[in-house]
Student: 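Quick one: the structure is below, and I'll ask about it shortly.
Ligands are counted one by one from 1 in listed order, and the atoms in each one are counted from 1 as well. Keep in mind that the numbers below use all heavy atoms, side chains included, and drop hydrogens, waters and symmetry copies.
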Amino acid sequence: MRLLVVEDDPDLNRQLSTALTDAGYVVDRAFDGEEGHYLGDSEPYDAVILDIGLPKMDGISVLEGWRRSGRSMPVLILTARDRWSDKVQGFDAGADDYVAKPFHLEEVLARLRALLRRSAGHAKSEFICGSVRLDTRTGRVTVEGNPVKLTSHEYRLLSYLMHHVGRVVSRSELVEHLYDQDFDRDSNTIEVFVGRIRRKLGVDVIQTVRGLGYLLASPDAH
Ligand code: CA
């Protein structure tokens, strides 16, 4: 899952990005509204954390701009503690959730997980596909109850497919959602990682759809 953090306070931006990276996400960072708006408008993020008080372009205008141009990714806004009007304006502009400053990082992470699984049409933090279970809360993956050790990159790939069960996901989509903007992207590496995940899981849940991409098909899905 690839996220964007738009926050002008450098310390807070770093804290958020570090916590999100540690939690297994890929993170791009912006430090003012214009840069944030540009990135959110041009890159396919799975979710965005957006501060409201930003230099160059305020967060509400950034969000309104995205929604106007049809960008529908979940957006969590960061509001000042006593500014209830920020929350109202934020929701009206298309925000999906908010956290008031100062906040606990754990709360931001939990709200993000909720946003991501809801946008995947999923009510629980655990994703199940056949005998494979992936818990987005703990980052644990099991097959028939046995823990499987994945690298952070393998986890991100499997997690993205689990969030999009039943839909063919192309290699280029995976590349866009698994690497940050500075990464030298090569879609051939995706094939290598899929191979490793298949070997580690030992069960055939990831199907290759020739010429199109990959499909995680749940046996119990209709
Ligand atoms: Ca700010």
Side-chain angles (χ1 to χ4, degrees), residues 1-120 125 136-139 152 155-156 159-160 163 176-183 185:
M1 297 282 162
R2 185 172 168 204
L3 309 178
L4 172 65
V5 172
V6 190
E7 167 60 65
D8 57 313
D9 179 328
D11 288 336
L12 198 52
N13 191 311
R14 185 180 38 77
Q15 279 173 31
L16 279 166
S17 308
T18 306
L20 293 167
T21 306
D22 288 348
Y25 301 105
V26 176
V27 183
D28 288 343
R29 310 162 70 186
F31 295 87
D32 64 63
E34 274 177 15
E35 188 189 11
H37 178 261
Y38 172 75
L39 284 174
D41 219 24
S42 49
E43 299 288 327
Y45 295 107
D46 296 295
V48 178
I49 297 181
L50 175 68
D51 185 30
I52 292 302
L54 289 169
K56 294 190 184 173
M57 185 176 179
D58 68 273
I60 299 290
S61 306
V62 170
L63 184 52
E64 281 172 347
W66 286 337
R67 296 312 192 214
R68 244 195 328 270
S69 57
R71 310 295 287 181
S72 60
M73 67 283 191
V75 174
L76 174 76
I77 54 171
L78 305 177
T79 65
R81 192 177 172 72
D82 302 319
R83 297 283 300 270
W84 64 267
S85 55
D86 280 359
K87 295 166 201 161
V88 174
Q89 277 189 309
F91 280 118
D92 283 344
D96 298 276
D97 200 359
Y98 77 93
V99 175
K101 294 178 179 178
F103 49 75
H104 290 280
L105 284 169
E106 280 304 321
E107 184 181 350
V108 174
L109 289 171
R111 287 183 180 277
L112 258 183
R113 285 194 297 272
L115 285 182
L116 288 168
R117 69 173 186 252
R118 252 185 267 139
S119 77
S125 60
T136 56
R137 211 159 23 95
T138 58
S152 60
Y155 175 83
R156 283 204 294 270
S159 175
Y160 190 83
H163 277 77
E176 285 184 324
H177 289 264
L178 300 178
Y179 299 106
D180 60 47
Q181 55 173 342
D182 302 325
F183 199 86
R185 296 150 174 211

Student: Quick one, Ile60 and Ile52 - any side-chain contact, counting heavy atoms below 4.5 Å?
Tutor: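 Yes - at least one pair of side-chain heavy atoms lies under 4.5 Å apart.
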
Student: With side chains defined as the heavy atoms from C-beta onward, is the minimum distance between Leu3 and Tyr45 less than 4.5 Å?
Tutor: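 Leu3 vs Tyr45: side chains apart.
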
Student: Salt bridge between Lys101 and Asp51, side-chain N to carboxylate O under 4.0 Å?
Tutor: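 A salt bridge links Lys101 with Asp51.
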
Student: Which one of Asn13, Leu20, Leu115 satisfies the side chain to side chain contact (heavy atoms under 4.5 Å, CB included) criterion with Ile49?
Tutor: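 Of all the options given, the one that passes is Leu20.
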
Student: Any luck finding a side-chain donor-acceptor pair between Arg29 and Ser17 under 3.5 Å?
Tutor: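 Yes, because at least one side-chain N or O of Arg29 sits under 3.5 Å from a partner of the opposite role on Ser17.
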
Student: Which N, O or S atoms belonging to the protein are less than 3.0 Å from the Ca ion (ligand 1)?
Tutor: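 The answer, once waters are left aside, is Asp8 OD1, Asp51 OD2, Gly53 O.
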
Student: Can you find a pair of side-chain heavy atoms, one from Val6 and one from Val62, that are under 4.5 Å apart?
Tutor: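 In short, these two side chains do not touch, never coming nearer than 4.5 Å.
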
